[in-house]
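Okay, structure first, notes after.
Given the structure is predicted, the values throughout are model-derived calculations rather than measurements. By convention in this document, chain letters (A, B, ...) are assigned in the order of the sequence lines, proteins followed by strands, and residues within each chain are numbered from 1.
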2 protein chains.
Amino acid sequence: MNGPDIELPENVALAWGLRNRPSRGPKRSLSLDQVVSTGIQIAQADGLAAVSMSRVASELGVATMSLYRYVPTKHDLLDLMVDTAYGPPPRPRGVDEGWRPALARWGEGNLTALRRQPWMRHVPISGPPINPNQVRWLEYGLAALRGTGLRATEQISTIMLVSGYARSWATLTADIAEAAARTGQTPAEVGLRYWQHLAVVTAPGPYPAIHELLAEGGEYDEDVDLEWRFGLGRVLDGVAVMIEARAAEASRDAGPSGDGGPSGDGGVPAGA
Amino acid sequence: MNGPDIELPENVALAWGLRNRPSRGPKRSLSLDQVVSTGIQIAQADGLAAVSMSRVASELGVATMSLYRYVPTKHDLLDLMVDTAYGPPPRPRGVDEGWRPALARWGEGNLTALRRQPWMRHVPISGPPINPNQVRWLEYGLAALRGTGLRATEQISTIMLVSGYARSWATLTADIAEAAARTGQTPAEVGLRYWQHLAVVTAPGPYPAIHELLAEGGEYDEDVDLEWRFGLGRVLDGVAVMIEARAAEASRDAGPSGDGGPSGDGGVPAGA
DNA sequence: TAGCTTCTGCGTATGGTCTACGCAGAAAAG
DNA sequence: CTTTTCTGCGTAGACCATACGCAGAAGCTA
């Protein structure tokens with residue numbers, strides 16, 4: 001029927017299993033999935049730095065160069081590792097769940113995935129989402145925002161907002177957790193030490209806001225996810241403001257010249 | 001007066017220039033700044049991958065191993081490069097600028113810095129901000145939120161929200177721009193091609209939200225910063241909701257048991 | 001001024017990394 | 001059976017970061 005007129009890049013075709021396997025030569029002794037999941041195992045066990053082509057190969061009992069029959073480049077392997085390690089997004093709860101809990105669960109899912117495989121944060125993002133699970137995540141993220149009146153580009157901005165925050169948060173907490181594991185401390189101790197270092201370096205200079213923050217001090221061992229949820233709640237509140245404004249505008253039906261909501265770009269200056 | 005009881009890590013002391021230079025041996029032929037800025041020049045010209053110790057050294061006319069008299073490790077060099085390349089944050093406009101424009105400018109500044117030196121997005125974040133400019137950025141970010149009634153941890157979450165979004169956005173646009181430069185296309189063409197690829201791979205499967213998005217189609221060559229500002233505006237709106245709620249609560253003076261604002265964690269489920 | 005100490009630049013060497021190239025042989029097609 | 005095509009993989013090249021240790025410069029102390 002519809003032969004794809006557009007030629008997909010090698011990466012993408014590979015990730016989606018769209019490479020017509022040849023029937024001529026000898027059978028392959030491995031599968032792409034084996035290679036990818038071996039890479040994931042190594043990354044999970046010994047960190048991303050331990051994932052070398054020779055390590056993966058020896059783990060599979062083959063020679064290093066054999067892997068290049070399955071993967072064009074090491075970076076493509078890493079991309080595939082990330083895609084399968086991310087896994088599928090959390091399924092939408094119901095049709096009429098509402099955008100807010102849906103997007104919240106989507107964000108939480110992002111964080112959970114990154115927490116489960118902390119090495120993923122060290123794989124640089126190689127472009128817009130195009131691999132299977134990435135696309136599924138994109139689908140569910142957009143699905144959460146369907147029917148809200150948000151435009152296409154706005155939906156994408158919103159999704160990047162949430163996923164970017166999840167990545168930031170996962171990175172921070174994982175960095176602290178790893179530093180703690182390295183030095184045999186608790187994460188709370190590492191956090192405390194950070195604040196101490198910050199206090200030392202900011203002592204001579206004028207850093208009123210930081211000093212006020214340090215003075216407030218407080219509990220470092222409390223549930224860190226509380227702070228995460230705060231930020232997520234702010235995003236959702238902000239999106240809600242816009243959606244409600246759009247809805248009000250739409251129900252007014254004959255909007256005169258309504259461009260954007262009440263606080264469409266409010267407070268954001270035009271220039272740099 | 002106050003000798004620092006707390007021993008700073010080597011990295012940090014180095015970044016802050018807190019290493020008491022010895023008076024005994026021969027004079028050093030280089031300075032740390034020279035090493036760092038040479039690294040930045042190389043990264044800016046040929047990308048982060050081109051920054052090798054030997055390349056930096058040869059650019060400076062010294063032997064490779066000489067650099068290790070200035071920097072303990074290559075990764076420390078990268079951290080220093082990022083810190084100085086980021087530069088100082090945009091100065092606050094005035095004392096009573098208000099938190100919203102201040103935080104907006106802070107976010108824009110983040111994006112601008114990352115846009116000016118796109119290689120920075122490939123340097124993995126190595127921990128909470130502790131180097132001089134990072135701390136200055138932290139200071140100004142917190143300063144924007146002073147007096148808003150937000151708690152310390154909430155201020156930090158908010159800042160991570162904005163900076164994470166800026167990083168996401170900078171990464172996406174820089175990836176597209178670089179892909180365009182590589183293939184001699186315009187960014188708009190690269191974006192279009194992405195949507196085409198997305199259409200191809202999602203054609204067989206059930207991706208209603210993505211297909212709706214693709215059907216909406218639209219203009220790819222419009223001002224990309226418009227989409228960026230949309231997300232930033234949402235964050236600021238969400239923060240505004242919370243701040244106003246806190247203010248209202250505080251003016252009610254004798255709040256009975258007010259824990260969080262009206263939509264404190266609203267819509268965010270507790271479990272994963 | 002002599003000697004000691006300390007620090008500098010850096011030559012050498014180790015043990016990695018990715019991957020281009022090409023060959024021997026296996027499996028299927030004609 | 002021949003030809004084609006694909007497989008695994010051995011070899012080799014071009015990098016990389018960095019541990020170690022040495023010769024000599026520069027300052028401090030006597």
Side-chain angles (χ1 to χ4, degrees), chain A residues 10-11 13-14 17-36 38-39 42-43 46-81 119 122-124 126, chain B residues 10-11 13-14 17-36 38-39 42-43 45-82 119 122-124 126:
Chain A
E10 186 66 17
N11 312 332
L14 207 78
L18 299 176
R19 268 292 161 266
N20 36 357
R21 55 283 159 94
S23 56
R24 269 329 160 96
K27 298 259 167 77
R28 355 185 73 181
S29 62
L30 265 46
S31 74
L32 179 56
D33 277 344
Q34 278 178 352
V35 175
V36 170
T38 302
I42 296 169
D46 298 344
L48 189 68
V51 180
S52 68
M53 296 305 264
S54 70
R55 172 77 185 275
V56 174
S58 79
E59 212 97 345
L60 282 164
V62 300
T64 305
M65 289 313 290
S66 305
L67 299 182
Y68 287 94
R69 293 281 174 197
Y70 298 84
V71 158
T73 233
K74 186 194 177 181
H75 203 90
D76 294 311
L77 172 58
L78 294 182
D79 280 348
L80 291 172
M81 284 168 55
W119 54 269
H122 290 132
V123 180
S126 61
Chain B
E10 185 67 18
N11 311 331
L14 207 78
L18 298 176
R19 269 292 161 265
N20 35 357
R21 56 282 159 97
S23 56
R24 265 336 156 93
K27 296 260 166 76
R28 352 185 77 182
S29 61
L30 266 45
S31 73
L32 179 57
D33 277 342
Q34 278 178 352
V35 175
V36 171
T38 301
I42 295 168
D46 297 345
L48 189 67
V51 179
S52 69
M53 296 305 265
S54 70
R55 172 78 185 273
V56 174
S58 78
E59 213 97 344
L60 282 164
V62 300
T64 305
M65 289 311 291
S66 305
L67 298 182
Y68 287 95
R69 293 281 174 198
Y70 298 84
V71 157
T73 234
K74 186 193 178 182
H75 203 90
D76 294 311
L77 171 58
L78 295 182
D79 280 349
L80 291 172
M81 283 167 56
V82 168
W119 54 268
H122 291 131
V123 180
S126 63

When B/Lys27 and A/Arg28 are each assigned the nearest nucleotide of DNA chain D, the 5'-most assignment goes to A/Arg28
task: Evaluate the side-chain contact (heavy atoms from CB on, under 4.5 Å) criterion for residues A/Leu14 and A/Leu80: first the C-alpha distance (whole Å), next the side-chain angles of each, then the deciding distance (0.1 Å), finally the verdict.
output: CA-CA 9 Å; A/Leu14 207 78; A/Leu80 291 172; 4.2 Å; yes
Per nearest nucleotide of DNA chain C, the residue lying toward the 5' end, B/Val62 or B/Gly25, is B/Gly25
Exercise for the section: Report the C-alpha separation of B/Leu60 and B/Leu67 in whole Å, then their side-chain angles, then the decisive distance to 0.1 Å, and conclude whether the side-chain contact (heavy atoms from CB on, under 4.5 Å) test is met. Expected result: CA-CA 10 Å; B/Leu60 282 164; B/Leu67 298 182; 4.2 Å; yes
From the list A/Thr64, A/Ile42, A/Val36, side chain to side chain contact (heavy atoms under 4.5 Å, CB included) partner of A/Val56 resolves to A/Ile42
Residue pair B/Leu30/A/Arg24 against DNA chain C: nearer the 5' end by closest nucleotide is B/Leu30
Separation between CG (B/Leu32) and CZ (B/Arg69), nearest 0.5 Å, reads 15.0 Å
query = Would B/Tyr70 and B/Asp33 satisfy side-chain contact (heavy atoms from CB on, under 4.5 Å), going step by step from the backbone distance to the final call?
reply = CA-CA 10 Å; B/Tyr70 298 84; B/Asp33 277 342; over 6 Å; no
- Between the side chain of A/Thr73 and the main-chain N/O of A/Asp76, is any donor-acceptor distance below 3.5 Å? no
Open item on the list: Go through it in stages, so that I can follow the logic: the residues are A/Asn11 and A/His75, the test is side-chain contact (heavy atoms from CB on, under 4.5 Å), and I'd like the CA-CA distance, side-chain angles, deciding distance and then a yes or no.
Closed with: CA-CA 10 Å; A/Asn11 312 332; A/His75 203 90; over 6 Å; no
In this structure, CH2 of B/Trp119 is separated from CG of B/Asp46 (nearest 0.5 Å) by 13.0 Å
When all nucleic acid strands are considered with a 4.0 Å heavy-atom cut-off, which category describes B/Ser23: base, sugar-phosphate, or nothing?
-> sugar-phosphate
With a 4.0 Å cut-off (strictly under) to non-hydrogen atoms of chain A, the first and last hit nts on DNA chain D, 5' to 3', are D/dT4 to D/dT11
Protein and nucleotides 17-21 of chain C: nitrogen or oxygen contacts under 3.5 angstrom:
unit_1	atom_1	unit_2	atom_2	d
C/dT17	OP1	A/Ser52	OG	3.0
C/dT17	OP2	A/Ser54	OG	3.4
C/dC18	OP1	A/Met53	N	3.4
C/dC18	OP1	A/Lys74	NZ	3.0
C/dC18	OP2	A/Met53	N	3.2
C/dT19	OP1	A/Thr73	OG1	3.2
C/dT19	OP2	A/Tyr68	OH	2.9
C/dT19	OP2	A/Lys74	N	3.1

